[in-house]
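Presented below is the structure to which this report refers.
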Amino acid sequence: MEYLVTIDEFHGPLDLLLYLIKEAKIDIDRINVSEITQQYLDYIRAMEDLNLEIASEYLVMAAYLIYIKSRMMLPKGNLDGEKIDYEENPEEHLKRRLKLYKLFKDIIPYFQEQEAERENFLTKIPSDLSDELKIETKDFLLQDVDIYDLLSAYNRVLKRFSLHKPLKTKIKPQTITIDERINELSELFRNRKRLTFMEIFTDNITKEFIVVTFMAILELTKHHYIRLRQDALFQDIFIEYIEEEMREAHG
Amino acid sequence: MDRTQLLAALEGLLYVAGDEGFTKEELANILEISSKEVEELVEAYIELCTDEVRGITVINTAGHYRMATKKEYIDLFRKVYTGNKKRLSTAALEVIAIVAYKQPITRAEIEDIRGTNSENVIRKLVAMSFIKEVGRLDTPGKPILYGTTNDFLDYFNLSSLDELPELADDVEKEVDEEKDLFDSMTKIKITE
Amino acid sequence: MDRTQLLAALEGLLYVAGDEGFTKEELANILEISSKEVEELVEAYIELCTDEVRGITVINTAGHYRMATKKEYIDLFRKVYTGNKKRLSTAALEVIAIVAYKQPITRAEIEDIRGTNSENVIRKLVAMSFIKEVGRLDTPGKPILYGTTNDFLDYFNLSSLDELPELADDVEKEVDEEKDLFDSMTKIKITE
């Protein structure tokens, strides 16, 4: 029999024992403590041979297993004297500890499923309505909160942060065509007949966006949809929308 | 407000509250209807959200109704919101499970069940606000008693602790019955 | 995606984005449709929201589409806040928590961490003297650096900032240092 494991794969001696029992494919109720003890000790010895640090709790368990084993080898009643009548036999005690521990180990997949399930539902940060509702500063007082509410608030924010962080990096600069830009500009002129050159460059300006906008302006000028005007050198350039009925005259 | 307005008001309220959500009682208070009616109203709203044209729904975690995106489009939303990929470690889940079922519980009791030192895991879970001090045991040293928090319920998509599945009950019953004995055994171990 | 799916996806996306919203270009990119189609889609969504049973709609401000509660239901929130003051403090608590743990910190950094505009909340917290200006950052615009005050310590019953509960990351860092001992372990082979 050969197995490849490391001590940090286990969360303590009970975990290691459960692993050995599972490997041996037997019920906790039916384990032969002598056999399990041997495997457990082999494991610990191999660790020692490799000069690995073993948490003392693993050694305590080893001693306990040896105690159970030796006790079983002696004629009943001799080791504990009269105590045996009312005190649980250590082998049974160990089995029960294993069963109790296994109860929680077995429920872990449920928690993992629930953890994954919750991640399917995204929620948003609460909206700030303090402006709309004109809430007074004095009403802004905190009530019944303690330092752990503060910690919880911090954790909530952290969780949200990791939710939002990639947003900016994930979005590639949008490529925009001249036609699309012409449409956008036409939309703009529907509401305002006169705009300055700077006003049509809104947020997220990229070099590409400027070039496309420039081409769109030239295109619109060419077709007499707009007129460009600059009163003096380095002054604002005005873009004026030409009303439909006026276009004929220019055309 | 009539039914239509109540549904609209509910949607408006849940939108603003976002991840904070509202309890049944809070909604009853705001909308001036009974808790029972709130329940029915939320049910009706969730029913409306089953329409394929809708991308949101309402979940109930930690006793709070929270508006949330629908599961069906999570892959698309993940393109923008990658979320918290970090899952809890097995050790952390072991401790969480023990606290969830055995609360209030001391560190010594947790370590007894796990058979291993659990100080760091407990510290981490307290720092993540999944468990917290809920009192002290009246024994020498006044050990801290731990219990789960609302953040725990929300993280595991639970509306309340009642939703936890039962542990394999035959073993637990046995364990409970013999708990006194178990306790006396561990005490002996400690004094050794 | 077909039209129905696009509408549902749009609703989910706009919900999660909340007050931040999305630009037409961002939505076009995520949904893999043209800006023109996004416009039409949003129009169609707004049309759906005109149904009286709906309490939310979409507004377009500063080039961003944002989901918002219909005006007629905003007033309900007055009741939320007068009925339960604790609720009002969520945003405040978040900002105080960030300042407490990350001070000195600028408004931009706070907003980056919270993922939302926090000017209002910061202003109110300064007025309440929970936080205050503790210096200026030596970068263009010389942004204000915020820190917590003695009133903050008093309020939370702390004698100093050292008493703040530790954060999960700090526990992890410390435990990782210990864990290095274990990580150096090689796989061992046990042969019988």
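Any value given below was found using the heavy atoms of this structure, including those in side chains, with hydrogens, waters and symmetry copies removed. Bear in mind that the values here come from a model prediction, so they are computed numbers and not experimental data. Labels below follow one simple rule: chain letters A, B, ... track the order of the sequence lines, proteins then strands, and each chain is numbered from 1.
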**Distance-minimising heavy-atom pair for B/K79 and C/I30** = NZ-O, 2.7 Å
**Request:** Against chain C, label B/Q5 side chain, backbone, both or neither, depending on which of its atoms sit under 4.5 Å from a heavy atom there.
**Result:** both
**Request:** Taking atom CG of C/D138 as the centre, report whether more than 12 heavy atoms of other residues, nucleotides or ligands fall under 6.0 Å from it.
**Result:** no
**Message:** A side-chain contact here means heavy atoms from C-beta on lying under 4.5 Å apart; do B/V80 and C/E26 qualify?
**Reply:** no
**Asked** What option among B/D19, B/L14, B/V16, B/L125 has the most heavy-atom pairs under 4.5 Å with chain C?
**Response** B/V16
**Fill in**
chain C shares the most heavy-atom pairs under 4.5 Å, among B/L6, B/L10, B/L13, B/T69, with B/L13
**Request:** Scan side-chain atoms only and decide if B/T4 and C/E52 contain a donor-acceptor pair under the 3.5 Å cut-off.
**Result:** no
**Fill in**
Tightest non-hydrogen contact, residues B/A68 and C/Y15, listed as CA-CE2, 3.8 Å
**Fill in**
From the list B/M67, B/E11, B/M128, B/K70, the residue making the most non-hydrogen contacts under 4.5 Å with chain C is B/E11
**Asked** Considering all heavy atoms of both residues, which atom of C/G12 and which atom of B/F77 are nearest to each other, and what is their separation?
**Response** CA-CZ, 3.6 Å
**Nearest heavy-atom neighbours spanning B/A127 and C/A168** = CB-N, 3.3 Å
**Request:** Select, from B/V126, B/D51, B/V53, the one with the greatest count of heavy-atom pairs under 4.5 Å involving chain C.
**Result:** B/V53
**Request:** Between chain B and each of C/L167, C/I56, C/L7, count heavy-atom pairs under 4.5 Å; write down the option with the most.
**Result:** C/I56
**Message:** Sort by residue number and list every residue of residues 31-39 of chain B having at least one heavy atom under 4.5 Å from chain C.
**Reply:** B/L31, B/E32
**Prompt:** Given that the side chain runs from C-beta out, which part of C/D170 has a heavy atom under 4.5 Å from chain B: side chain, backbone, both or neither?
**Reply:** neither
**Prompt:** Is the count of non-hydrogen atoms from other residues, nucleotides or ligands lying under 6.0 Å from C/N150 atom CG greater than 12?
**Reply:** no
**Prompt:** Just wondering, more than 12 heavy atoms not from C/D75 lying within 6.0 Å of its CG?
**Reply:** yes
